[in-house]
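First the proteins, then the strands, lettered A, B, ... as listed; each starts at 1. Side chains included, hydrogens not; waters and symmetry mates left out as well; all remaining heavy atoms used.
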Amino acid sequence: MPELPEVETVRLSLAEQVLGAEIEGVQVHHPDAVLAPPPGRWQDLLAGAAITGTGRRGKYLFLALHQPNLADDMVLLVHLRMTGRLLVVPGDEPLEKHTHVQIGLSGGRDLRFVDTRRFGRLAVLPMAHLGPVAAAAGLAPSSNDEDLDGGARSSVKEAAAALDWFQVREALPPGLWTLGPEPLSRDFTPSYLARQLEGRKAPIKRLLLDQRLVAGLGNIYVDEALFRSRIHPARSAGSLTRAEIRRLHKAIGQVLQEGIAWRGTTFSDFVDSESRPGDMGRRLQVFRRQGEPCPKCGTTIEKTRLAGRGTHFCPRCQA
DNA sequence: CGTATGCCCTGCGCGC
DNA sequence: TGCGCGCAGGGCATAC
């Protein structure tokens, strides 16, 4: 299940592999995988575009696309959800089952979106319409002024018009516009976290999974951060002391950094764009370790259900 | 507004 | 060996 470290791992490997590549063709094999524009428009819209940048915001991954025909840069938005994979493979490789979108690149390679469970989604939109989200994701538009002469200029269309962006905007996931701060940025401070938790009765785990509070945490890293800060996942958020909030804030940063450093957690599906699994799984201290001894105190790790999710914790360390 | 629930979807592991 | 069932869960619609 790709969370922030897994999405960042995919972004980094994609940047190595496809930055500067040109898109030669697009085939949408499963229409449900694309939110917008309609599947039939992808080929014309993307063919000839160059991949000029990568970005990430929470669990959303972005590729910046520079199409010489268009006045504005575009963005390919990807959410991997549970089992989505973005793979770069030789273009003549047989299509793996559940390959929903196939993007042919210069150099005879394919960028493929493969997703067993079909929860993942792709979209193309004008970069300008991502607004502040684009900047927060680390995307910067490139100018078309330099590579157009007067004749070409008159034929340039705006990406907004080409994409019928009103429809595109309607189709985008609403959660994209309400993401909380990046947990590894300066915006995510202990005092911000304290303000968000103040007076809240909900279990701390449920709030940490809410992308509006902080962007990019999922089930794995929430369980790990709560273990490392010695807080029971069912604790009422408003009952956390200042010391506990400081510990939690620190643990969130550490566990995410560690996840990125080890290139993500692989249980079954997750791989980066070179199909390499991540090594963080063996570093996890409680997630999917029910029945094993707690690495700190030896007590048997338990698994319960909280906020609709499997929840792992040490009943002794996390009082 | 805050919170709880069900849905989407496929593969896998379990019990019989 | 085969079959059916439950589980896995991110995000969102819906209900209260």
Side-chain angles (χ1 to χ4, degrees), chain A residues 1-10 29-36 56-62 77-86 95-101 113-123 133 169-180 182-183 195-226 233-239 256 259 264-271 277-278 280-281 284 286-291 302-313:
Chain A
M1 48 203 105
E3 306 179 20
L4 189 153
E6 287 74 30
V7 178
E8 183 66 7
T9 298
V10 173
H29 298 296
H30 200 303
D32 286 354
V34 305
L35 294 169
R56 183 193 55 75
R57 181 79 173 87
K59 301 173 193 172
Y60 289 91
L61 177 64
F62 303 103
L77 170 155
V78 182
H79 199 303
L80 301 170
R81 291 293 260 276
M82 300 298 298
T83 55
R85 288 175 288 158
L86 274 178
L95 278 198
E96 186 180 343
K97 196 177 177 185
H98 306 300
T99 301
H100 305 316
V101 180
F113 177 66
V114 186
D115 185 9
T116 309
R117 232 170 279 181
R118 291 206 271 128
F119 284 1
R121 293 293 183 263
L122 272 58
V133 177
R169 187 152 199 151
E170 285 297 301
L172 291 178
L176 180 61
W177 314 111
T178 56
L179 289 172
E182 281 294 314
R195 280 197 302 278
Q196 295 298 311
L197 304 186
E198 193 178 353
R200 301 291 297 270
K201 290 179 180 172
I204 181 63
K205 169 157 178 172
R206 196 183 70 71
L207 294 192
L208 293 177
L209 287 171
D210 188 337
Q211 303 299 298
R212 294 171 298 185
L213 195 147
V214 57
L217 289 174
N219 207 33
I220 297 173
Y221 295 95
V222 164
D223 278 6
E224 289 298 310
L226 287 169
R235 280 277 300 284
S236 164
S239 77
L256 292 177
T265 300
T266 297
F267 278 108
S268 55
D269 297 277
F270 172 72
V271 289
M280 183 62 185
L284 300 179
V286 288
F287 191 80
R288 295 214 182 161
R289 293 200 183 280
Q290 65 272 23
E302 291 182 11
K303 179 180 179 185
T304 59
R305 199 154 184 87
L306 185 63
R309 314 265 180 251
T311 298
H312 315 73
F313 65 102

State the pairing partner of dC9(B); accept Watson-Crick or G-U wobble contacts with both distances under 3.5 Å, and report none otherwise. dG9(C)
What's the spacing between Thr265(A) OG1 and Ile220(A) CD1 if we round to 0.5 Å? 4.5 Å
Charged N to carboxylate O below 4.0 Å: is that the case for Lys205(A) and Asp223(A)? yes
What is the distance, to the nearest angstrom, from the [atom1] atom on [X] to the [atom2] atom on [N]?
| X | N | atom1 | atom2 | answer |
| --- | --- | --- | --- | --- |
| Glu96(A) | dT10(B) | CD | C1' | 14 Å |
| Arg206(A) | dA4(B) | CZ | C1' | 8 Å |
| Leu306(A) | dA4(B) | CG | C1' | 12 Å |
| Asp32(A) | dC8(B) | CG | P | 12 Å |
| Arg200(A) | dA4(B) | CZ | P | 11 Å |

Ring geometry between His30(A) and His100(A) (parallel below 30°, tilted from 30 to 60°, perpendicular above 60°): perpendicular
dG11(B) OP1/OP2 closer than 4.0 Å to side-chain N/O of His98(A): yes
Scan nucleotides 7-11 of chain C against the protein and return all N/O pairs shorter than 3.5 Å with their distances rounded to 0.1 Å.
{"from": "dA8(C)", "atom 1": "OP1", "to": "Lys303(A)", "atom 2": "NZ", "distance (Å)": "2.8"}
{"from": "dA8(C)", "atom 1": "OP2", "to": "Arg305(A)", "atom 2": "NH1", "distance (Å)": "2.6"}
{"from": "dA8(C)", "atom 1": "N3", "to": "Arg117(A)", "atom 2": "NH1", "distance (Å)": "3.1"}
{"from": "dG9(C)", "atom 1": "OP1", "to": "Asn219(A)", "atom 2": "ND2", "distance (Å)": "3.0"}
{"from": "dG9(C)", "atom 1": "OP2", "to": "Gly310(A)", "atom 2": "N", "distance (Å)": "3.2"}
{"from": "dG9(C)", "atom 1": "N2", "to": "Arg117(A)", "atom 2": "NH1", "distance (Å)": "3.4"}
{"from": "dG10(C)", "atom 1": "OP2", "to": "Arg309(A)", "atom 2": "NE", "distance (Å)": "3.1"}
{"from": "dG10(C)", "atom 1": "N7", "to": "Arg309(A)", "atom 2": "NH1", "distance (Å)": "3.1"}
{"from": "dG10(C)", "atom 1": "N7", "to": "Arg309(A)", "atom 2": "NH2", "distance (Å)": "3.2"}
{"from": "dG10(C)", "atom 1": "N2", "to": "Arg81(A)", "atom 2": "NH2", "distance (Å)": "3.0"}
{"from": "dG10(C)", "atom 1": "N3", "to": "Arg81(A)", "atom 2": "NE", "distance (Å)": "3.4"}
{"from": "dG10(C)", "atom 1": "N3", "to": "Arg81(A)", "atom 2": "NH2", "distance (Å)": "3.4"}
{"from": "dG11(C)", "atom 1": "OP1", "to": "His79(A)", "atom 2": "NE2", "distance (Å)": "2.8"}
{"from": "dG11(C)", "atom 1": "OP2", "to": "Lys59(A)", "atom 2": "NZ", "distance (Å)": "3.2"}
{"from": "dG11(C)", "atom 1": "OP2", "to": "Gln211(A)", "atom 2": "NE2", "distance (Å)": "3.3"}
{"from": "dG11(C)", "atom 1": "O4'", "to": "Arg81(A)", "atom 2": "NH2", "distance (Å)": "3.3"}

Please name the pair of heavy atoms, one in [X] and one in [Y], separated by the smallest distance, quoted to 0.1 Å.
| X | Y | value |
| --- | --- | --- |
| Leu207(A) | Leu213(A) | O-CB, 3.8 Å |
| Lys59(A) | Gln211(A) | NZ-NE2, 3.6 Å |
| Pro183(A) | Leu4(A) | CG-CD1, 3.6 Å |

